[in-house]
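Here's the structure we're looking at; comments come further down.
Heavy-atom basis, side chains included; hydrogens, waters and symmetry copies ignored.
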Amino acid sequence: MNGCLALPGTRLSHRALRRRYNHSTMVPKSLKRYAWLSVAAALSTILLKGLAWRLTDSVGLLSDAIESFVNLAGALMALGMLSLAARPADAGHAHGHGKAEYFSSAFEGFLIVVAAVWIATEAIGRLLNARPIEAVGLGLGVAVLATIVNFATARILMTVGRNSRSIALEADGRHLLTDVWTSIGVIAGVALVWLTGWLWLDPIIALLVALNIVWTGWQLMRRSAAGLMDASLPQSELGQIEAVLAAYRQQGLEFHALRTRQAGTRAFVTFHVLVPGAWTIQQGHDWSERIEADLRKALPGVHVTTHLEPKEDPISHVDQELDRPPS
(Lines give C-alpha, C1' and ligand atoms only; values in the text may rest on other atoms or scores of the structure.)
Protein backbone atom coordinates (compact mmCIF):
# COMPACT_ATOMS: atom_id res chain seq x y z
CA MET A 1 0.00 0.00 0.00
CA ASN A 2 1.33 3.42 -0.89
CA GLY A 3 2.56 5.18 2.21
CA CYS A 4 0.94 8.42 1.17
CA LEU A 5 -2.43 6.75 1.38
CA ALA A 6 -2.01 5.50 4.93
CA LEU A 7 -1.12 8.76 6.66
CA PRO A 8 -2.90 9.09 10.01
CA GLY A 9 -5.42 11.83 10.50
CA THR A 10 -6.37 12.04 6.84
CA ARG A 11 -9.94 10.85 7.31
CA LEU A 12 -12.45 13.67 7.31
CA SER A 13 -15.28 13.45 9.81
CA HIS A 14 -18.79 13.12 8.43
CA ARG A 15 -19.61 16.50 9.95
CA ALA A 16 -16.66 18.16 8.18
CA LEU A 17 -17.56 16.52 4.88
CA ARG A 18 -21.16 17.63 5.25
CA ARG A 19 -20.05 21.23 5.90
CA ARG A 20 -17.88 21.17 2.77
CA TYR A 21 -20.69 19.64 0.73
CA ASN A 22 -23.32 22.12 1.89
CA HIS A 23 -21.00 25.06 1.28
CA SER A 24 -20.24 24.02 -2.29
CA THR A 25 -23.78 23.07 -3.34
CA MET A 26 -25.69 26.10 -2.14
CA VAL A 27 -28.64 26.89 -4.41
CA PRO A 28 -27.77 29.94 -6.58
CA LYS A 29 -29.82 33.08 -6.26
CA SER A 30 -32.87 33.32 -8.50
CA LEU A 31 -32.01 34.44 -12.01
CA LYS A 32 -35.57 35.39 -12.91
CA ARG A 33 -35.11 39.02 -11.95
CA TYR A 34 -32.52 39.35 -14.73
CA ALA A 35 -35.00 37.87 -17.21
CA TRP A 36 -37.49 40.51 -16.08
CA LEU A 37 -34.79 43.14 -16.68
CA SER A 38 -34.47 41.83 -20.24
CA VAL A 39 -38.26 42.03 -20.72
CA ALA A 40 -38.32 45.63 -19.49
CA ALA A 41 -35.41 46.58 -21.77
CA ALA A 42 -37.09 44.93 -24.77
CA LEU A 43 -40.36 46.79 -24.17
CA SER A 44 -38.62 50.15 -23.84
CA THR A 45 -36.49 49.65 -26.96
CA ILE A 46 -39.53 48.53 -29.00
CA LEU A 47 -41.19 51.83 -28.15
CA LEU A 48 -38.06 53.89 -28.83
CA LYS A 49 -37.05 52.16 -32.06
CA GLY A 50 -40.64 52.08 -33.28
CA LEU A 51 -40.80 55.82 -32.72
CA ALA A 52 -37.50 56.31 -34.58
CA TRP A 53 -38.87 54.34 -37.55
CA ARG A 54 -42.15 56.27 -37.62
CA LEU A 55 -40.28 59.57 -37.52
CA THR A 56 -37.88 58.70 -40.33
CA ASP A 57 -39.67 56.02 -42.43
CA SER A 58 -36.26 54.32 -42.70
CA VAL A 59 -36.34 50.60 -43.48
CA GLY A 60 -32.96 50.34 -41.76
CA LEU A 61 -34.48 51.60 -38.51
CA LEU A 62 -37.50 49.36 -39.11
CA SER A 63 -35.15 46.35 -39.22
CA ASP A 64 -33.70 47.47 -35.89
CA ALA A 65 -37.21 47.74 -34.40
CA ILE A 66 -38.16 44.27 -35.67
CA GLU A 67 -35.19 42.78 -33.86
CA SER A 68 -36.43 44.31 -30.62
CA PHE A 69 -39.64 42.27 -30.97
CA VAL A 70 -37.40 39.19 -31.16
CA ASN A 71 -35.64 40.41 -28.02
CA LEU A 72 -38.98 40.58 -26.22
CA ALA A 73 -40.07 37.11 -27.31
CA GLY A 74 -36.67 35.69 -26.34
CA ALA A 75 -36.80 37.39 -22.94
CA LEU A 76 -40.26 36.01 -22.22
CA MET A 77 -39.14 32.53 -23.26
CA ALA A 78 -36.03 32.84 -21.07
CA LEU A 79 -38.21 33.87 -18.13
CA GLY A 80 -40.38 30.79 -18.50
CA MET A 81 -37.48 28.39 -18.98
CA LEU A 82 -35.51 29.84 -16.06
CA SER A 83 -38.55 29.27 -13.85
CA LEU A 84 -38.71 25.66 -15.03
CA ALA A 85 -34.94 25.13 -14.71
CA ALA A 86 -35.01 26.40 -11.12
CA ARG A 87 -37.32 23.59 -10.01
CA PRO A 88 -35.65 21.01 -7.77
CA ALA A 89 -35.03 17.48 -8.99
CA ASP A 90 -37.98 15.13 -8.61
CA ALA A 91 -38.85 11.48 -9.19
CA GLY A 92 -39.47 12.06 -12.87
CA HIS A 93 -36.40 14.29 -13.40
CA ALA A 94 -33.68 12.93 -11.13
CA HIS A 95 -31.00 15.16 -12.71
CA GLY A 96 -33.06 18.34 -12.35
CA HIS A 97 -34.63 20.56 -15.01
CA GLY A 98 -31.52 22.52 -16.06
CA LYS A 99 -31.73 21.55 -19.73
CA ALA A 100 -34.89 23.63 -20.07
CA GLU A 101 -32.61 26.62 -20.66
CA TYR A 102 -31.41 25.14 -23.94
CA PHE A 103 -34.94 25.30 -25.32
CA SER A 104 -34.95 29.03 -24.54
CA SER A 105 -31.74 29.78 -26.42
CA ALA A 106 -32.75 27.53 -29.35
CA PHE A 107 -36.13 29.29 -29.56
CA GLU A 108 -34.43 32.68 -29.53
CA GLY A 109 -32.05 31.56 -32.27
CA PHE A 110 -35.02 30.44 -34.37
CA LEU A 111 -36.80 33.77 -33.83
CA ILE A 112 -33.68 35.63 -34.93
CA VAL A 113 -33.65 33.75 -38.22
CA VAL A 114 -37.38 34.48 -38.73
CA ALA A 115 -36.72 38.18 -38.03
CA ALA A 116 -33.90 38.16 -40.59
CA VAL A 117 -36.28 36.84 -43.28
CA TRP A 118 -38.81 39.55 -42.38
CA ILE A 119 -36.17 42.28 -42.50
CA ALA A 120 -34.82 41.04 -45.85
CA THR A 121 -38.33 41.03 -47.34
CA GLU A 122 -38.93 44.64 -46.26
CA ALA A 123 -35.51 45.71 -47.50
CA ILE A 124 -35.95 44.19 -50.95
CA GLY A 125 -39.34 45.90 -51.26
CA ARG A 126 -37.79 49.26 -50.38
CA LEU A 127 -34.85 48.64 -52.72
CA LEU A 128 -37.32 48.23 -55.59
CA ASN A 129 -39.38 51.23 -54.47
CA ALA A 130 -37.06 53.77 -52.85
CA ARG A 131 -38.55 56.52 -50.65
CA PRO A 132 -36.86 59.47 -48.93
CA ILE A 133 -36.31 59.44 -45.16
CA GLU A 134 -37.57 62.21 -42.88
CA ALA A 135 -36.91 63.84 -39.48
CA VAL A 136 -33.56 62.06 -39.39
CA GLY A 137 -31.95 64.08 -36.59
CA LEU A 138 -34.71 63.41 -34.06
CA GLY A 139 -35.17 59.82 -35.19
CA LEU A 140 -31.47 59.02 -34.81
CA GLY A 141 -31.42 60.61 -31.35
CA VAL A 142 -34.21 58.29 -30.22
CA ALA A 143 -32.38 55.29 -31.77
CA VAL A 144 -29.19 56.18 -29.89
CA LEU A 145 -31.10 56.21 -26.58
CA ALA A 146 -32.51 52.73 -27.34
CA THR A 147 -29.00 51.49 -28.14
CA ILE A 148 -27.68 52.71 -24.78
CA VAL A 149 -30.47 50.84 -22.96
CA ASN A 150 -29.63 47.63 -24.85
CA PHE A 151 -25.89 47.94 -24.21
CA ALA A 152 -26.31 48.35 -20.44
CA THR A 153 -28.74 45.42 -20.27
CA ALA A 154 -26.53 43.19 -22.45
CA ARG A 155 -23.48 43.70 -20.23
CA ILE A 156 -25.46 42.78 -17.11
CA LEU A 157 -27.02 39.66 -18.66
CA MET A 158 -23.74 38.36 -20.11
CA THR A 159 -21.87 38.83 -16.84
CA VAL A 160 -24.56 37.13 -14.76
CA GLY A 161 -25.02 34.40 -17.38
CA ARG A 162 -21.32 33.48 -17.43
CA ASN A 163 -20.95 33.58 -13.66
CA SER A 164 -24.07 31.47 -13.06
CA ARG A 165 -23.61 29.11 -16.08
CA SER A 166 -27.02 30.19 -17.39
CA ILE A 167 -27.07 29.72 -21.17
CA ALA A 168 -30.51 31.38 -21.34
CA LEU A 169 -29.26 34.65 -19.83
CA GLU A 170 -25.96 34.54 -21.68
CA ALA A 171 -27.74 33.90 -24.99
CA ASP A 172 -30.11 36.78 -24.29
CA GLY A 173 -27.17 39.04 -23.43
CA ARG A 174 -25.22 38.06 -26.56
CA HIS A 175 -28.27 38.70 -28.70
CA LEU A 176 -28.71 42.15 -27.15
CA LEU A 177 -25.03 42.95 -27.69
CA THR A 178 -25.38 41.92 -31.34
CA ASP A 179 -28.40 44.22 -31.48
CA VAL A 180 -26.23 47.05 -30.14
CA TRP A 181 -23.63 46.68 -32.89
CA THR A 182 -26.40 46.32 -35.45
CA SER A 183 -28.02 49.52 -34.17
CA ILE A 184 -24.72 51.39 -34.37
CA GLY A 185 -24.31 50.29 -37.98
CA VAL A 186 -27.91 51.26 -38.82
CA ILE A 187 -27.58 54.67 -37.18
CA ALA A 188 -24.34 55.38 -39.05
CA GLY A 189 -25.85 54.17 -42.32
CA VAL A 190 -29.05 56.22 -41.99
CA ALA A 191 -26.96 59.28 -41.17
CA LEU A 192 -24.95 58.63 -44.34
CA VAL A 193 -28.16 58.37 -46.38
CA TRP A 194 -29.27 61.69 -44.91
CA LEU A 195 -25.98 63.38 -45.77
CA THR A 196 -25.52 61.93 -49.28
CA GLY A 197 -29.07 61.37 -50.51
CA TRP A 198 -28.23 57.80 -51.54
CA LEU A 199 -31.66 56.27 -50.94
CA TRP A 200 -30.54 52.81 -52.08
CA LEU A 201 -28.17 52.66 -49.11
CA ASP A 202 -31.05 52.43 -46.58
CA PRO A 203 -32.36 49.01 -47.75
CA ILE A 204 -28.82 47.75 -48.26
CA ILE A 205 -28.14 48.48 -44.59
CA ALA A 206 -31.26 46.51 -43.66
CA LEU A 207 -30.06 43.53 -45.74
CA LEU A 208 -26.69 43.63 -43.95
CA VAL A 209 -28.54 43.64 -40.63
CA ALA A 210 -30.44 40.52 -41.72
CA LEU A 211 -27.25 38.69 -42.69
CA ASN A 212 -25.58 39.63 -39.40
CA ILE A 213 -28.38 38.39 -37.17
CA VAL A 214 -28.76 35.15 -39.14
CA TRP A 215 -25.23 34.28 -38.02
CA THR A 216 -26.11 35.07 -34.39
CA GLY A 217 -29.22 32.89 -34.60
CA TRP A 218 -27.26 29.99 -36.06
CA GLN A 219 -24.66 30.20 -33.28
CA LEU A 220 -27.36 30.13 -30.59
CA MET A 221 -29.10 27.11 -32.11
CA ARG A 222 -25.80 25.25 -32.54
CA ARG A 223 -24.82 25.80 -28.91
CA SER A 224 -28.25 24.74 -27.69
CA ALA A 225 -28.01 21.54 -29.71
CA ALA A 226 -24.62 20.82 -28.15
CA GLY A 227 -26.12 21.15 -24.66
CA LEU A 228 -29.06 18.89 -25.49
CA MET A 229 -26.57 16.35 -26.90
CA ASP A 230 -24.66 16.23 -23.57
CA ALA A 231 -21.51 17.97 -24.80
CA SER A 232 -18.53 17.79 -22.42
CA LEU A 233 -17.52 20.68 -20.18
CA PRO A 234 -15.21 23.33 -21.73
CA GLN A 235 -11.48 22.62 -21.84
CA SER A 236 -10.82 25.23 -19.14
CA GLU A 237 -13.04 23.36 -16.68
CA LEU A 238 -11.68 19.96 -17.71
CA GLY A 239 -8.26 21.37 -16.85
CA GLN A 240 -9.46 22.28 -13.36
CA ILE A 241 -10.78 18.75 -12.88
CA GLU A 242 -7.49 17.27 -14.03
CA ALA A 243 -5.56 19.52 -11.63
CA VAL A 244 -7.56 18.17 -8.68
CA LEU A 245 -7.12 14.55 -9.76
CA ALA A 246 -3.39 15.05 -10.41
CA ALA A 247 -2.88 16.04 -6.77
CA TYR A 248 -4.39 12.71 -5.68
CA ARG A 249 -2.42 10.72 -8.24
CA GLN A 250 0.71 11.90 -6.46
CA GLN A 251 -0.67 10.21 -3.33
CA GLY A 252 -1.08 6.86 -5.07
CA LEU A 253 -4.67 6.94 -6.31
CA GLU A 254 -5.62 6.25 -9.93
CA PHE A 255 -8.57 7.41 -12.04
CA HIS A 256 -10.23 6.60 -15.33
CA ALA A 257 -13.57 6.70 -17.21
CA LEU A 258 -13.91 10.46 -16.68
CA ARG A 259 -17.12 11.78 -18.22
CA THR A 260 -18.60 15.29 -17.98
CA ARG A 261 -21.65 17.09 -19.27
CA GLN A 262 -23.40 20.44 -18.88
CA ALA A 263 -27.13 20.79 -18.23
CA GLY A 264 -27.96 24.49 -17.99
CA THR A 265 -26.51 25.87 -14.76
CA ARG A 266 -25.57 22.37 -13.56
CA ALA A 267 -22.47 20.40 -14.47
CA PHE A 268 -22.13 16.64 -13.99
CA VAL A 269 -18.84 14.76 -13.53
CA THR A 270 -18.42 10.99 -13.16
CA PHE A 271 -15.27 8.85 -12.95
CA HIS A 272 -13.83 5.69 -11.40
CA VAL A 273 -11.45 5.81 -8.44
CA LEU A 274 -8.95 2.91 -8.31
CA VAL A 275 -7.75 2.14 -4.78
CA PRO A 276 -5.76 -0.69 -3.17
CA GLY A 277 -7.89 -3.82 -2.93
CA ALA A 278 -6.88 -4.34 0.70
CA TRP A 279 -8.65 -1.17 1.75
CA THR A 280 -11.91 -1.26 3.66
CA ILE A 281 -15.01 0.23 2.08
CA GLN A 282 -14.82 3.01 4.66
CA GLN A 283 -11.29 3.99 3.62
CA GLY A 284 -12.24 4.17 -0.05
CA HIS A 285 -15.40 6.07 0.75
CA ASP A 286 -13.55 8.68 2.83
CA TRP A 287 -11.06 9.35 0.04
CA SER A 288 -13.82 9.57 -2.56
CA GLU A 289 -15.66 12.09 -0.41
CA ARG A 290 -12.52 14.18 -0.12
CA ILE A 291 -11.95 14.15 -3.90
CA GLU A 292 -15.58 15.04 -4.60
CA ALA A 293 -15.46 17.91 -2.08
CA ASP A 294 -12.30 19.33 -3.73
CA LEU A 295 -13.93 19.13 -7.16
CA ARG A 296 -17.01 20.97 -5.91
CA LYS A 297 -14.73 23.62 -4.47
CA ALA A 298 -12.92 23.99 -7.81
CA LEU A 299 -16.18 24.02 -9.82
CA PRO A 300 -19.01 25.36 -7.63
CA GLY A 301 -22.35 23.74 -8.37
CA VAL A 302 -20.89 20.62 -10.00
CA HIS A 303 -22.49 17.24 -9.22
CA VAL A 304 -19.81 14.55 -8.80
CA THR A 305 -20.39 10.78 -8.89
CA THR A 306 -17.51 8.36 -8.23
CA HIS A 307 -17.22 4.58 -8.48
CA LEU A 308 -14.66 2.70 -6.36
CA GLU A 309 -12.65 -0.16 -7.89
CA PRO A 310 -9.68 -2.28 -6.69
CA LYS A 311 -6.75 -1.38 -8.91
CA GLU A 312 -5.26 -4.89 -8.73
CA ASP A 313 -8.33 -6.46 -10.37
CA PRO A 314 -7.97 -6.68 -14.20
CA ILE A 315 -11.72 -6.20 -14.60
CA SER A 316 -11.33 -2.71 -13.16
CA HIS A 317 -9.47 -1.70 -16.31
CA VAL A 318 -11.94 -2.97 -18.92
CA ASP A 319 -14.98 -0.88 -17.96
CA GLN A 320 -13.78 2.50 -19.21
CA GLU A 321 -15.98 2.69 -22.32
CA LEU A 322 -19.54 3.95 -22.21
CA ASP A 323 -20.86 0.75 -23.76
CA ARG A 324 -19.33 -1.93 -21.56
CA PRO A 325 -19.10 -5.37 -23.22
CA PRO A 326 -21.21 -8.13 -21.63
CA SER A 327 -19.46 -10.28 -19.07
Side-chain angles (χ1 to χ4, degrees), residues 1-27 88-99 165 227 229-327:
M1 185 183 301
N2 191 305
C4 295
L5 296 173
L7 288 174
T10 57
R11 178 179 171 184
L12 293 174
S13 70
H14 290 292
R15 182 177 298 175
L17 285 168
R18 182 57 56 190
R19 283 199 304 268
R20 292 175 71 171
Y21 178 82
N22 288 338
H23 174 74
S24 60
T25 57
M26 291 171 61
V27 177
D90 54 40
H93 304 85
H95 290 90
H97 301 79
K99 282 192 175 183
R165 297 170 175 265
M229 293 296 291
D230 286 335
S232 298
L233 297 182
Q235 284 297 324
S236 59
E237 296 182 5
L238 291 175
Q240 291 177 276
I241 294 171
E242 180 56 35
V244 172
L245 298 184
Y248 285 94
R249 285 194 184 95
Q250 294 178 356
Q251 301 182 65
L253 293 177
E254 298 176 19
F255 308 95
H256 65 216
L258 172 65
R259 297 186 182 92
T260 67
R261 65 184 179 93
Q262 186 80 45
T265 58
R266 289 182 179 272
F268 293 88
V269 176
T270 66
F271 56 92
H272 299 176
V273 183
L274 282 74
V275 301
W279 275 14
T280 65
I281 294 176
Q282 186 66 61
Q283 283 178 291
H285 171 74
D286 288 343
W287 279 88
S288 291
E289 286 288 338
R290 172 181 287 182
I291 296 165
E292 292 176 20
D294 285 347
L295 285 171
R296 288 191 294 266
K297 184 177 180 181
L299 297 174
V302 70
H303 180 88
V304 186
T305 303
T306 55
H307 171 63
L308 282 174
E309 296 181 317
K311 59 182 178 180
E312 298 87 355
D313 189 344
I315 297 179
S316 299
H317 299 271
V318 299
D319 62 348
Q320 300 183 41
E321 300 300 326
L322 185 61
D323 297 317
R324 182 175 177 177
S327 302

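Pairs of residues two or more places apart, or lying in two chains, never qualify as salt bridge (Lys or Arg N to Asp or Glu O under 4.0 Å) while including a residue from residues 270-283.
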Stepwise side chain to side chain contact (heavy atoms under 4.5 Å, CB included) test for I241 and L233: CA-CA 10 Å; I241 294 171; L233 297 182; 4.1 Å; yes

Working for salt bridge (Lys or Arg N to Asp or Glu O under 4.0 Å), residues R249 and E242: CA-CA 10 Å; R249 285 194 184 95; E242 180 56 35; 2.5 Å; yes

Worked verdict on T306 versus F271 for side chain to side chain contact (heavy atoms under 4.5 Å, CB included): CA-CA 5 Å; T306 55; F271 56 92; 3.5 Å; yes

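G277 and P310 make their closest contact through CA-CB, 3.9 Å (heavy atoms, listed as atom of the first residue, atom of the second, distance). For the residue pair L258 and V269, the shortest heavy atom distance occurs at CD1-CG1, 3.8 Å. Between A247 and Q251, the shortest heavy-atom distance links the atoms O-NE2, 3.5 Å.
Between H272 and E254, the side chains place no donor N or O within less than 3.5 Å of an acceptor N or O (distance only, hydrogens not considered).
Taken to the nearest 0.5 Å, the OG1 atom of T270 stands 9.0 Å off from the CZ atom of R261. With rounding to the nearest 0.5 Å, the separation of CG in D286 from OG1 in T280 is 7.5 Å.
Two residues are said to be in side-chain contact when any heavy atoms from C-beta on lie closer than 4.5 Å; E309 and H256 meet this criterion. When side chains are defined from C-beta on, V273 does not count as touching Y248, because their heavy atoms never get closer than 4.5 Å. Residues W287 and L253 are in side-chain contact: their nearest non-hydrogen atoms beyond the backbone lie under 4.5 Å apart. With a 4.5 Å cut-off on side-chain heavy atoms, I291 and F255 count as touching.
The side-chain contact (heavy atoms from CB on, under 4.5 Å) search around S232 returns T260, not counting sequence neighbours. Evaluation of the side chain to side chain donor-acceptor pair (under 3.5 Å) rule for S288 yields no partner, not counting sequence neighbours.
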